**Q** 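Could you have a look at this structure, given as structure tokens, before my questions?
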Amino acid sequence: MQTEPKPGTLYIVATPIGNLEDMTFRAVRILQAVDMIAAEDTRHTGRLLQHFQVKTPQISYHEHNSNSRIPELLEYLQYGKAIALVSDAGMPGISDPGYELIKACIDEGITVVPIPGASAVITALSAAGLPTDKFIFDGFLPSKRQQRKEYLESLQSESRTLVFYESPHRLRDTLADLETVLGSDRSIVIARELTKLYEEFWRGTIGEAIADYQQREPQGEYTLLVAGTSSSQPQLTETELKTELLQIMQDGISRSQASRQLAKDTGLSRRYLYQLALAIEITQSE
């Protein structure tokens with residue numbers, strides 16, 4: 001059923017993540033009919049609009065101008081203008097500042113209508129071959145290594161499939177941190193350049209992924225899907241893990257062997273546990 005855009009409504013319009021054929025008829029119709037398009041990058045969106053012969057005027061809306069632009073867009077909407085929000089690719093509001101405008105509209109009682117379409121998260125999950133009944137999407141992991149490792153440590157006992165975005169220049173570092181925290185045997189799927197000419201799904205273990213990407217340079221946009229833990233053990237705090245390690249070492253077992261034994265019992269990374277073991281004072285284990 002086709003309906004004209006309603007005055008004073010914000011439309012959240014999904015755009016292709018690579019292949020232009022993924023643009024929906026409804027999305028094109030809405031973009032043609034609204035009064036204005038709020039775009040993350042007007043030049044990038046301009047090429048898309050030109051391809052589909054959409055002549056609707058654009059206004060820029062991105063993370064660097066969102067604070068000043070939101071009041072302006074709200075005013076347009078309150079005066080009865082219909083606005084479409086688009087990002088560079090995929091569904092607006094997913095790992096971009098779109099949610100701030102959406103929330104502001106909801107707070108002001110402005111109608112928000114989603115126009116669904118392509119999304120890298122769902123596209124990757126659909127073909128990954130990992131459990132999809134329950135999953136966690138965490139966008140981009142922290143760029144600083146220590147913060148990234150600490151965040152991954154909070155996910156060690158997570159049984160749901162983990163989904164992240166990653167850039168090519170940080171892929172190797174992230175894989176190394178995944179191995180340190182989650183272990184080299186954890187299953188991972190690396191989806192690259194989704195829907196584009198060089199689309200690729202790489203499947204294996206984290207350790208195998210590290211070896212593979214030592215032989216080739218990361219290129220393109222990545223979505224990482226990591227299997228959840230199969231361990232049914234309750235999550236232990238770092239202090240509790242150190243206590244377990246200390247008790248094992250008090251039987252005369254080395255730090256390395258203690259880490260290996262506890263890794264089998266908990267499903268945690270042996271390397272991570274070994275680092276904890278090294279932090280235990282020598283006098284404690286004597």
Side-chain angles (χ1 to χ4, degrees), residues 63 93-97 99-100 119-122 124-125 128 130-191 204-210 213 218 221-248 255-256 258-281:
E63 63 179 337
I94 308 299
S95 287
D96 73 25
Y99 78 93
E100 296 176 357
S119 168
V121 180
I122 303 303
L125 274 166
L130 294 176
T132 57
D133 54 334
K134 295 179 181 179
F135 65 91
I136 293 177
F137 171 61
D138 273 301
F140 286 92
L141 290 167
S143 58
K144 294 183 178 180
R145 169 157 283 183
Q146 186 58 37
Q147 294 176 352
R148 187 165 60 242
K149 289 174 67 176
E150 289 175 356
Y151 186 74
L152 288 172
E153 286 166 8
S154 72
L155 300 174
Q156 283 180 324
S157 64
E158 180 56 63
S159 61
R160 292 169 288 186
T161 299
L162 309 173
V163 186
F164 311 105
Y165 287 156
E166 195 49 276
S167 60
H169 70 272
R170 213 163 50 215
L171 178 66
R172 288 171 174 165
D173 289 340
T174 294
L175 289 174
D177 291 338
L178 285 169
E179 181 185 42
T180 298
V181 178
L182 303 181
S184 60
D185 294 331
R186 186 78 69 94
S187 294
I188 186 172
V189 177
I190 302 176
T205 66
I206 293 174
E208 291 168 342
I210 290 173
Y213 273 93
E221 299 172 336
Y222 290 90
T223 302
L224 309 181
L225 305 101
V226 184
T229 180
S230 58
S231 173
S232 59
Q233 294 290 330
Q235 183 177 10
L236 300 177
T237 66
E238 190 171 292
T239 300
E240 291 170 334
L241 289 170
K242 285 182 178 180
T243 300
E244 292 288 333
L245 288 166
L246 179 59
Q247 291 177 348
I248 297 172
R255 296 175 193 268
S256 178
S259 302
R260 187 175 293 106
Q261 179 177 321
L262 191 57
K264 291 181 179 179
D265 294 339
T266 62
L268 300 177
S269 163
R270 183 193 62 79
R271 182 180 298 185
Y272 167 66
L273 294 172
Y274 183 63
Q275 289 177 343
L276 292 183
L278 290 175
I280 297 175
E281 294 291 336

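All values below come from the heavy atoms of this structure, side chains included, with hydrogens, waters and symmetry mates left out. A quick note: this is a predicted structure, and the numbers were derived from the prediction, not measured.
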**Q** Please identify each residue that fulfils salt bridge (Lys or Arg N to Asp or Glu O under 4.0 Å) with Arg186, with sequence neighbours left out.
**A**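 Partners of Arg186 by the salt bridge (Lys or Arg N to Asp or Glu O under 4.0 Å) criterion come out as none, since no residue qualifies.
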**Q** Can you give me the closest heavy-atom contact between Val189 and Ala128, atom names plus distance?
**A**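 Between these two residues, the closest heavy atoms are CG2-O, 3.5 Å.
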**Q** Within the 4.5 Å heavy-atom criterion, are Leu276 and Glu238 side-chain neighbours or not?
**A**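 SC-SC contact between Leu276 and Glu238 confirmed.
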**Q** Side chains of Gln275 and Lys149, heavy atoms from C-beta outward: is any pair under 4.5 Å?
**A**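 Of all side-chain heavy-atom pairs linking Lys149 with Gln275, at least one is under 4.5 Å.
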**Q** Please determine whether side chain to side chain contact (heavy atoms under 4.5 Å, CB included) holds for the pair Leu241 and Leu273, giving the CA-CA distance in whole Å, both sets of side-chain angles, and the decisive distance to 0.1 Å.
**A** CA-CA 8 Å; Leu241 289 170; Leu273 294 172; 4.1 Å; yes
**Q** Would you compute the distance between atom CD of Glu244 and atom CD of Gln261 and round it to the nearest 0.5 angstrom?
**A**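 Atom-to-atom, Glu244:CD and Gln261:CD are 10.0 Å apart.
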**Q** Are there more than 12 heavy atoms of other residues, nucleotides or ligands under 6.0 Å from atom CD of Glu158?
**A**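 It does: Glu158 CD has more than 12 such atoms within range.
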**Q** Which atoms form the tightest heavy-atom contact between Leu245 and Ala277, and what is the distance?
**A**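 So the minimum-distance heavy-atom pair works out to CD1-N, 3.8 Å.
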**Q** Applying the side-chain contact (heavy atoms from CB on, under 4.5 Å) criterion to Ile188, which one of Leu162, Ile210, Leu178 satisfies it?
**A**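 Among Leu162, Ile210, Leu178, the one meeting side-chain contact (heavy atoms from CB on, under 4.5 Å) with Ile188 is Leu178.
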**Q** Does a side-chain heavy-atom distance below 4.5 Å link Leu224 with Tyr165?
**A**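 No; the side chains remain at least 4.5 Å from each other.
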**Q** To the nearest 0.5 Å, tell me how far Leu182 CG sits from Leu175 CG.
**A**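 The CG atom of Leu182 sits 11.0 Å away from the CG atom of Leu175.
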**Q** Please confirm whether Phe137 and Phe164 have ring centers closer than 6.0 angstrom.
**A**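 They do not qualify: ring centres at least 6.0 Å apart.
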**Q** Using the test side-chain hydrogen bond (donor to acceptor under 3.5 Å, both in side chains), find all partners of Ser187 that sit at least two apart in sequence or belong to another chain.
**A**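 side-chain hydrogen bond (donor to acceptor under 3.5 Å, both in side chains) check on Ser187 returns nothing, list empty.
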**Q** Drop me the distance from Leu152's CG to Thr174's OG1, to the nearest 0.5 angstrom.
**A**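 Answer rounded to 0.5 Å: 8.0 Å.
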**Q** Do Arg255 and Ile280 touch side chain to side chain, with heavy atoms closer than 4.5 Å?
**A**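 Contact flag for Arg255/Ile280 side chains = yes.
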**Q** Can you check whether His169 reaches Pro218 side chain to side chain, under 4.5 Å on heavy atoms?
**A**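 Sidechains of Pro218 and His169: no contact.
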**Q** Can you confirm whether more than 12 heavy atoms, excluding those of Phe140, are under 6.0 Å from its CZ atom?
**A**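 Above 12, so yes.
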**Q** Donor-acceptor pair, distance only, cut-off 3.5 Å: does the side chain of Thr161 make one with the backbone of Pro131?
**A**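 Yes, Thr161 side chain to Pro131 backbone: donor-acceptor pair under 3.5 Å.
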**Q** Would you compute the distance between atom OG1 of Thr132 and atom CZ of Arg160 and round it to the nearest 0.5 angstrom?
**A**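 Rounded to the nearest 0.5 Å, the OG1-CZ separation comes out at 14.0 Å.
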**Q** For the residue pair Asp138 and Leu155, establish whether any side-chain heavy-atom pair is separated by less than 4.5 Å.
**A**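 Yes, their side chains come closer than 4.5 Å.
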**Q** With a 4.0 Å cut-off on N to O distance, would you call Asp177 and Arg148 a salt bridge?
**A**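 Result for this pair is yes, salt bridge flagged.
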**Q** Suppose we screen for ring pair (Phe, Tyr, Trp, His ring centres under 6.0 Å). Which residues come up paired with Tyr151, at least two apart in sequence or across chains?
**A**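 With neighbours one apart ignored, the set is empty.
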**Q** Go through it in stages, so that I can follow the logic: the residues are Tyr274 and Ser256, the test is side chain to side chain contact (heavy atoms under 4.5 Å, CB included), and I'd like the CA-CA distance, side-chain angles, deciding distance and then a yes or no.
**A** CA-CA 6 Å; Tyr274 183 63; Ser256 178; 4.1 Å; yes
**Q** Using 0.5 Å steps for rounding, measure from the CG atom of Asp173 to the OG atom of Ser143.
**A**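 Going from CG on Asp173 over to OG on Ser143, the span is 11.0 Å.
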**Q** Measuring from Leu171:CG to Glu166:CD, what's the distance to the nearest 0.5 Å?
**A**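 These two atoms lie 6.5 Å from each other.
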**Q** Does any part of the side chain of Phe135, heavy atoms only, come nearer than 4.5 Å to the side chain of Ile122, both counted from C-beta?
**A**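 Yes; the side chains approach each other to less than 4.5 Å.
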**Q** Measure across Glu179 and Gly207 and return the closest heavy-atom pair with its distance rounded to 0.1 Å.
**A**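 Closest heavy-atom pair between Glu179 and Gly207: OE2-CA, 4.3 Å.
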**Q** Does Thr205 offer a backbone N or O that forms a donor-acceptor pair with the side chain of Glu208 under 3.5 Å?
**A**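 It does hold such a pair.
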**Q** Taking all non-hydrogen atoms of both residues into account, name the closest pair between Ala258 and Ile248 and its distance.
**A**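 Residues Ala258 and Ile248, closest heavy atoms: CB-CG2, 3.7 Å.
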**Q** Taking the side chain as everything from C-beta on, heavy atoms only, tell me whether Val163 gets closer than 4.5 Å to Thr223.
**A**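 Side chain of Val163 against side chain of Thr223, heavy atoms only: contact under 4.5 Å found.
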**Q** Kindly indicate, with the supporting measurements, whether the criterion side chain to side chain contact (heavy atoms under 4.5 Å, CB included) is fulfilled by Gln156 and Thr229.
**A** CA-CA 7 Å; Gln156 283 180 324; Thr229 180; over 6 Å; no
**Q** Mind listing the closest non-hydrogen atom pair of Gly139 and Ser95 along with its distance?
**A**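 Heavy atoms only, the tightest pair is CA-OG, 3.6 Å.
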